[in-house]
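Just so we're on the same page: letters track the sequence lines, and every chain starts at 1. What you see is a predicted model; the values in this text were computed from it and never measured.
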Number of protein chains: 2
Amino acid sequence: MSSTPSRHVDDLSVVKSVSLASALVREIERLILTGELEPGSRINEIHLANRFGTSRGPIREATRSLEAKGLVEVVRNRGVFVRRLSTEEAVEIYDVRSALFGQAGRLLAEHMTDEILARLTGFIAEMDKLAESGEFDAYYPVNLAFHSFIVDSAGNKTLAAEYRRFVDKLHLFRARSLVQGGGLAVSNREHREMVDALASGDGERAFITHWRHVDRAKKRLLASIDPQPRRLSS
Amino acid sequence: MSSTPSRHVDDLSVVKSVSLASALVREIERLILTGELEPGSRINEIHLANRFGTSRGPIREATRSLEAKGLVEVVRNRGVFVRRLSTEEAVEIYDVRSALFGQAGRLLAEHMTDEILARLTGFIAEMDKLAESGEFDAYYPVNLAFHSFIVDSAGNKTLAAEYRRFVDKLHLFRARSLVQGGGLAVSNREHREMVDALASGDGERAFITHWRHVDRAKKRLLASIDPQPRRLSS
DNA sequence: ACGCGAGATACTGTCAACAATCGGCGTATC
DNA sequence: GATACGCCGATTGTTGACAGTATCTCGCGT
């Protein structure tokens, strides 16, 4: 419980330029995404208020904000609960994500630069190295950065924000490890196809490769969750 | 579709099953989308509280929710303002919308039924009739219903909700009429292409027709706003 | 022992009051 | 006459208190 005494303290006293509620949104969001507040668990307003040294007002504003973002669920007279994603919802999110990511690929392909291409190939080389040496823990963050870089470079802030929101939301799925894993070497082959398409400047081709990359991740998730329900196991 | 736009009173007394703030979100959202609260205007908490007969607390919760939805903007110590969309943002939203709508078309194509096809062709026939007889005012709502029906039938609630959110958000664009108009007869020709693709069950083809339909609307918007295209292709 | 209902409890929903901050307006000064 | 300064009203930020509701506990009856 009492871990990570690093630089993240539950103290918002320095905050003045931005509303207290806004800062609380970020903090509570962090608690949720790091798993400190587990999906399904209830959020106690008084506890949080004490923890952050504020009253319940700003806490309530923050939770309503998180509700609109889809991270928590508010039940009248019962409280707010950290949202728990069903398999169906996770799959739905994958379909939204593939659409957005494909579009990002299309947009990026239409205004590529040499510098962007260099960055992209750099990511791939790094991931190749990590995959070969078996440093799986280090692979995932680079993979994430690679995807983020593509979305951020597409030149559509709205699209980028939405994509990021759905990636965050996937953390609420029970089997988080499943959405993180994925082929590695297989995945990086797909990455190469994506970058090739981007380099060609063909928006349509870029869309397909990017869309398919996420769609395959969805299929892997489905396969690992629903393993041919033939018979009830012992 | 539980909206009864005819008789709307600023009274929420009947509400008990759902939180007051949630009801306020809907009400304020309505005020914004109907244009009663114009983009750029400031929302006075006390005025709203008096209007709805509540205190400022629930109003604040509602506005924070709307902030997360992207309908309003909160400036510390200054208040909340109805969001005003720049041309760039409107274009960005079109790119998000086309991605989502294309994906909806793909999903729908993959599980079409005769009944859905009948409904779709019904919409098109009705729009044809209205376009010919020049009833432009009646055309737009049917057009909207047609698109909504597609997105709702795709079988992905998350996708549908997001699509709807962005369509709503486009109402915050200064030249609302521009996003409503659009070829009519031209538009309905595209509609026919979309339905043909859906009927064929070819997801890829459905995606392209649906994506292109929204993308063309974006191009029309760009053309009418920026009369000299910097670079033209396609 | 077990089900059931009244009371206790803990929490959320809402409110009114207090504190802090911003913008406007008048005035003084150069 | 123009500009800088400071006061004041208006509005937001935050808080603590009160009311209503769901859940839990415990005693009672069978």
Let me have the donor-acceptor pairs involving side chains of residues 154-161 of chain B, under 3.5 Å, with sequence neighbours excluded, atom names and distances please.
unit_1: B:N156; atom_1: OD1; unit_2: B:T158; atom_2: N; d: 3.2
unit_1: B:N156; atom_1: OD1; unit_2: B:L159; atom_2: N; d: 2.9
unit_1: B:N156; atom_1: ND2; unit_2: A:E92; atom_2: O; d: 3.2
unit_1: B:T158; atom_1: OG1; unit_2: A:E92; atom_2: OE1; d: 2.6

At less than 4.0 Å, is any side-chain N or O atom of B:R60 found next to OP1 or OP2 of D:dT12? Yes or no.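 For D:dT12, neither OP1 nor OP2 has a side-chain N or O of B:R60 closer than 4.0 Å.
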A:R76 side-chain N/O to C:dT14 phosphate OP1/OP2 under 4.0 Å: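 Yes, within the criterion.
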Not counting sequence neighbours, which residues clear side chain to side chain donor-acceptor pair (under 3.5 Å) with A:K69? List them please.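 For A:K69 the side chain to side chain donor-acceptor pair (under 3.5 Å) partners, ignoring immediate neighbours, are A:E29.
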Who passes side chain to side chain donor-acceptor pair (under 3.5 Å) against B:R212, sequence neighbours left out?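 In terms of side chain to side chain donor-acceptor pair (under 3.5 Å), with neighbours along the sequence ignored, B:R212 is linked to B:E193.
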Just compare C:dC15, D:dT14, D:dA17 and give me whichever is closest to any side-chain atom of A:R56. D:dA17
Separation of [N] [atom2] from [X] [atom1] (nearest whole Å):
{"X": "A:L48", "N": "C:dT12", "atom1": "CG", "atom2": "C1'", "result": "14 Å"}
{"X": "A:N50", "N": "D:dT15", "atom1": "CG", "atom2": "P", "result": "11 Å"}
{"X": "A:F81", "N": "D:dA22", "atom1": "CZ", "atom2": "P", "result": "13 Å"}
{"X": "B:R64", "N": "D:dT12", "atom1": "CZ", "atom2": "P", "result": "10 Å"}
{"X": "A:E61", "N": "C:dT12", "atom1": "CD", "atom2": "P", "result": "16 Å"}

Do any N or O atoms of the protein come closer than 3.5 Å to N or O atoms of nucleotides 9-11 of chain C, and which pairs are they?
unit_1: C:dC11; atom_1: OP1; unit_2: A:N44; atom_2: ND2; d: 3.3
unit_1: C:dC11; atom_1: O5'; unit_2: A:N44; atom_2: ND2; d: 3.4
unit_1: C:dC11; atom_1: O3'; unit_2: A:R42; atom_2: NH1; d: 3.1

Go through the structure and list residues passing side-chain contact (heavy atoms from CB on, under 4.5 Å) with A:N44, not counting sequence neighbours.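 Counting only residues at least two positions away or on another chain, A:N44 forms a side-chain contact (heavy atoms from CB on, under 4.5 Å) with A:R42, A:I46, A:H47.
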Results of side-chain contact (heavy atoms from CB on, under 4.5 Å) for A:A62 - residues two or more places apart only: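 If we apply the side-chain contact (heavy atoms from CB on, under 4.5 Å) test to A:A62, skipping adjacent residues, the hits are A:L24, A:V25, A:I28.
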Taking the six-membered ring for Trp, are B:F207 and A:F207 closer than 6.0 Å centroid to centroid?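 Here the rings of A:F207 and B:F207 have centres that are less than 6.0 Å from each other.
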